[in-house]
Protein chains: 2
Amino acid sequence: MSETDLPAPPWDRNRRRPAPAKVPLTRERIVDAAFTVLDREGYDRFSMRQVALELGVAVSALYVHVANKDELFELMYNRTFDGAELPDPDPENWQEQIKEFARRGRARLRSHRDLARISMGHVPFSPELLPHVERLMAIFRSSGMPDLVAAMAGDLLSTYIEGFCLEESMWLERYRDMDEATWETKRNEIMGYFAELPPDRFPNMVAMAPYMVDESNDYRFELGVDILVRGLASYIGRASGSAGSAAP
Amino acid sequence: MSETDLPAPPWDRNRRRPAPAKVPLTRERIVDAAFTVLDREGYDRFSMRQVALELGVAVSALYVHVANKDELFELMYNRTFDGAELPDPDPENWQEQIKEFARRGRARLRSHRDLARISMGHVPFSPELLPHVERLMAIFRSSGMPDLVAAMAGDLLSTYIEGFCLEESMWLERYRDMDEATWETKRNEIMGYFAELPPDRFPNMVAMAPYMVDESNDYRFELGVDILVRGLASYIGRASGSAGSAAP
DNA sequence: TTCTAGCATGAACAGTGTTCAGCAGACAAG
DNA sequence: CTTGTCTGCTGAACACTGTTCATGCTAGAA
């Protein structure tokens with residue numbers, strides 16, 4: 001027990017600095033803290049200052065390890081893929097494999113508040129993420145679809161997952177601090193809004209009001225994935241993809 | 001010609017204020033200016049101060065007409081739908097109608113710099129936009145697909161269009177101030193990066209390198225829409241959509 | 001013990017969105 | 001022609017933001 005354990009005498013409180021962190025600052029620790037802040041504050045209130053505060057460190061210290069806010073977001077984005085694994089391709093079963101990939105993608109994007117906002121527009125071509133893309137492509141190609149379609153499929157699926165989760169998270173944020181009861185009333189308001197539109201001008205909206213709000217997000221997500229997978233499947237065993245007309 | 005047309009004498013330049021704008025400030029004019037600023041500065045440098053500057057007006061004046069930045073973005077978003085028209089549903093031709101809708105959606109999102117970033121996450125349920133959704137739904141329903149699928153189709157298609165345009169615009173921004181030559185080299189660099197990955201660990205990426213970069217955006221967009229439309233078509237004339245297995 | 005290299009510091013800069021007391025000018029009432 | 005209210009704009013301020021930089025502390029090497 002050296003004297004450094006004692007509190008600094010009041011007269012030189014200003015001269016002394018706080019003891020240097022026992023744990024050195026690293027990118028890993030910064031990313032950890034960043035997630036803590038994101039979960040607590042959300043995307044809009046996320047700031048470098050909050051992250052520094054969380055670590056008990058000056059803001060400028062962060063910039064020694066991280067070039068800027070964007071790079072920090074990219075590190076966070078990469079981090080969310082830790083432990084994500086894709087199975088070996090099984091040509092008989094590619095559709096289910098793709099659907100499972102989509103489900104896990106959604107789960108990943110829901111694992112932190114507003115994560116979808118950070119993910120949006122990130123292309124997963126960093127060295128850390130390439131193996132994931134490789135394995136996804138393996139599954140697509142094993143299905144027998146043309147390479148051009150497979151290349152598009154990856155984009156298409158990722159766009160869908162991210163877009164869906166973004167929209168989902170916006171609703172979640174909007175109703176974040178609402179108890180079950182007020183949320184129930186709010187939902188009825190929305191349903192009512194659609195149902196009570198003038199039926200002469202909005203016949204289709206009125207007819208579809210139940211489906212616009214009522215279906216659970218899980219089911220909607222699954223349906224979307226199914227539509228995509230069916231579209232992809234329609235390209236198997238044909239001439240490669242010109243924009244010809246559709247199905248059976 | 002009253003004396004107000006003369007320049008103010010130098011000694012009371014500080015006392016006098018600039019003559020009140022002959023043209024009164026309106027939401028319309030603010031939105032116009034906002035687009036000018038957006039096109040010049042891009043999303044990241046867009047600010048209320050810049051908009052005010054563009055109009056020759058104090059920042060706080062904007063807040064008389066517009067609640068906040070988000071509302072201004074929403075007004076801009078709505079504005080982009082001005083003059084967008086959808087045809088009457090033609091059941092024989094719904095697929096082409098949908099594709100045309102998608103093309104126009106992309107054109108709309110490309111009509112202003114970074115517009116895709118503003119659009120993302122906006123739900124088109126404002127009173128101004130409901131008629132558009134109504135007509136889109138009319139086309140979907142005329143195809144004979146189950147209502148539940150039609151409801152999903154709108155979301156799915158919008159998500160695709162916006163996601164595609166967002167990604168597209170990020171590349172456009174990244175290479176905004178690059179001449180044709182350096183862009184050519186850059187593109188070859190990227191192609192090379194994929195082509196020269198270790199082929200034992202990345203066989204699929206290497207095989208698909210040409211398709212990842214080479215295809216034009218127009219063609220990629222068209223292909224994506226085609227996949228979606230085929231997926232939707234596969235739901236026509238069957239029992240309504242449980243997530244059963246796929247195509248023909 | 002001395003030196004050095006690297007890391008964290010606080011202060012500063014140039015911006016941001018948003019609010020608010022107060023004033024200029026137009027228009028209506030007397 | 002005066003008076004007064006009302007509206008819409010102003011300027012200044014607040015509380016933040018991301019990012020940079022000279023300064024100086026501290027740990028490990030010589």
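No hydrogens, no waters, no symmetry mates; every other heavy atom, side chains included, goes into these values. Just so it is clear: chains get the letters A, B, ... in the order the sequence lines come, proteins before strands, and each one is counted from 1.
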Query - Check against side-chain hydrogen bond (donor to acceptor under 3.5 Å, both in side chains), Asp179(B) and Thr182(B) - result: CA-CA 6 Å; Asp179(B) 52 59; Thr182(B) 45; 3.0 Å; yes
**Report entry** Residues forming a salt bridge (Lys or Arg N to Asp or Glu O under 4.0 Å) with Glu71(A), sequence neighbours excluded
**Finding:**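 Glu71(A) satisfies salt bridge (Lys or Arg N to Asp or Glu O under 4.0 Å) with Arg27(A) once adjacent residues are dropped.
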One thing to verify: whether [Y] and [X] come together as a salt bridge, which I'm taking to mean a side-chain N less than 4.0 angstrom from a carboxylate O.
X         : Y         : answer
Glu41(A)  : Arg113(A) : no
Glu85(B)  : Arg135(B) : no
Asp218(A) : Arg106(A) : yes

Report task. State whether His65(A) places a side-chain N or O below 4.0 Å from either non-bridging phosphate oxygen (OP1 or OP2) of dC7(C). Result ->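 Result: no.
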Expressed in angstrom and rounded to an integer, what is the separation of [X] atom [atom1] from [N] atom [atom2]?
X        : N       : atom1 : atom2 : result
Leu53(A) : dG10(C) : CG    : C1'   : 15 Å
Arg29(A) : dA8(C)  : CZ    : C1'   : 13 Å
Leu62(A) : dC7(C)  : CG    : P     : 14 Å
Leu25(A) : dT26(D) : CG    : C1'   : 16 Å

Report summary line: Per-nucleotide protein contact along nucleotides 16-21 of chain C, 5' to 3', at a 4.0 Å heavy-atom cut-off (B base, S sugar-phosphate only, - neither), is BBBBB-
Query raised in the report: Is there a donor-acceptor pair closer than 3.5 Å between any side-chain N or O of Ser169(A) and the backbone N or O of Leu172(A)?
Result: no
